[in-house]
There are 2 protein chains.
Amino acid sequence: MTGGTAPHPTGDELLRILAALGNPHRLRIVATLAEGGRDYVSSLARRLGIGRPLLHMHLQRLEAAGLVTGSLEQAADGKAVKYVEVTPFAIGLTPEAVVRAAATITQEEKHMKESAK
Amino acid sequence: MTGGTAPHPTGDELLRILAALGNPHRLRIVATLAEGGRDYVSSLARRLGIGRPLLHMHLQRLEAAGLVTGSLEQAADGKAVKYVEVTPFAIGLTPEAVVRAAATITQEEKHMKESAK
DNA sequence: TTGAGGTGTCAGCTTTGGCTGACAGGCAGC
DNA sequence: GCTGCCTGTCAGCCAAAGCTGACACCTCAA
């Protein structure tokens, strides 16, 4: 197991990571998890002072970027609880790294509304 | 001479940097400038295949983040040309860095529509 | 004067993102 | 049973981002 995000991600991966971290709420989510360790969604929402649906959406983006990992577990009392924790990562952000990443950007088509029927 | 962005920016600075870089066009802009060196706006727009108004907007965000620097110069023939180049930067992106940055996030009020008259 | 090529900005559209309230289900314990 | 706390997702609203076409200005060269 790697246990961390590679220092030289592809262009799309880097874009997802940067976009995910470029948001006050999401940055604070990562910071909170990095400091206090793993926590479950409802508790985390309370700590951050935001609603659960909102947190849920942000967590989705962070998971999609590979920055956090969620695992649905059974608490001691049998309740289903989803714990989430940060995935270790180390990204070096320099112009050279940007050049390398930009070379592998996949320009996915806008929406191609019902083409190729 | 500073010549570069500090490796430990404030929370707001980091947010602006990440949000700026978390966009395909802007990432490619930085990459293109980092590779080919400085260039002027119209030329850059042609190289990237995007419109000048659009590029102008993206450059504003990149400048606001301190990632690129624009300078309006007089070309040899007297024409005013705006050259833009990348500002050297080196940001270490790790959970620890995020924790440090998140501590200094300035939560500016939404819009406070004419309150505190 | 006209044309080409540079600069910037504005109005207006479409799309995305952010956010909330409400709903539905599962599993304790009272 | 009911209550509480956890899970998820949905519809819908509103603000912000992204993008385009048109406009105005400047300077040089033909």
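It should be emphasised that the depicted structure is a prediction, and the values quoted were computed from it without experimental measurement. In what follows, every chain begins at residue 1, and chains take the letters A, B, ... in the order their sequences are listed.
- Where A80(A) and G22(A) meet DNA chain C, the nucleotide closest to each residue was compared, and G22(A) sits on the side nearer the 5' end.
- Nearest-nucleotide mapping onto DNA chain C: of L54(A) and G78(A), the residue sitting toward the 5' end is L54(A).
- Using a cutoff of 4.0 Å between basic side-chain nitrogens and carboxylate oxygens, R38(A) and E73(A) are scored as salt-bridged.
- A20(B) and A65(B) get closest at one heavy-atom pair: CB-CB, 3.9 Å.
- Taking five base pairs at each end of the helix from dT1(C)-dA30(D) to dC30(C)-dG1(D), the local helix axes there meet at an angle of 10°, rounded to 10°.
- Heavy atoms of K82(A) sit under 4.0 angstrom from primed sugar atoms or phosphate atoms, though from no base atom.
- With rounding to whole Å, Q60(A) atom CD is found 15 Å from dC19(C) atom P.
- Between E73(A) atom CD and dC6(D) atom P the separation is 15 Å, expressed in whole Å.
- For L72(B), counting side-chain heavy atoms from C-beta on, the closest listed nucleotide (dA22(D), dT7(C), dC19(C)) is dT7(C).
- Note: H8(B) NE2 to I91(B) CD1 = 9.5 Å, rounded to the nearest 0.5 Å.
- In terms of phosphate contacts, N23(B) brings no side-chain nitrogen or oxygen within less than 4.0 Å of OP1 or OP2 of dA17(D).
- Atoms CG (L59(B)) and C1' (dT7(C)) sit 13 Å apart, rounded to a whole Å.
- Across V84(B) and L44(B), no two heavy atoms sit closer than the pair CG1-CD2, 4.1 Å.
- The residue among H56(A) and K79(A) whose nearest nucleotide of DNA chain D is located toward the 5' end is K79(A).
- Residue pairs that meet the side-chain hydrogen bond (donor to acceptor under 3.5 Å, both in side chains) test with at least one member in residues 49-60 of chain A, sequence neighbours left out, are R26(A)-H58(A).
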- Message: Under the criterion salt bridge (Lys or Arg N to Asp or Glu O under 4.0 Å), I'd like the reasoning laid out for R28(B) against E35(B): C-alpha separation, chi angles, the key distance, then a yes or no.
- Response: CA-CA 10 Å; R28(B) 191 179 283 118; E35(B) 269 186 321; over 6 Å; no

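- Per the geometry, CD belonging to Q74(A) stands 9 Å off C1' belonging to dC27(C), to the nearest Å.
- Atom CD of Q74(B) is separated from atom NZ of K79(B) by 12.0 Å, given to the nearest 0.5 angstrom.
- Rounded to whole Å, the distance from CE on M57(B) to P on dA11(C) is 16 Å.
- Atoms OH and OG1, from Y83(B) and T69(B) in turn, are 15.5 Å apart once rounded to the nearest 0.5 Å.
- dG17(C) atom C1' lies 17 Å from atom CG of L18(A), rounded to whole Å.
- Between R52(B) and dG21(D) there is no side-chain polar atom (N or O) within less than 4.0 angstrom of OP1 or OP2.
- Relative to the side chain of H58(B), the nucleotides dC19(D), dC28(D), dC10(C) differ in distance, and dC19(D) lies closest.
- Distances shorter than 4.0 Å separate none of the side-chain N or O atoms of H25(B) from OP1 or OP2 on dA17(D).
- Taking every heavy atom of residues 33-49 of chain A and every atom of DNA chain D, pairs under 4.0 Å involve Y40(A), V41(A), S42(A), R46(A), by number.
- How far CZ of R46(A) is from OH of Y40(A): 5.0 Å, rounded to the nearest 0.5 Å.
- Separating the CG atom in L27(B) from the CG atom in L21(B) is a distance of 5.5 Å, to the nearest 0.5 Å.
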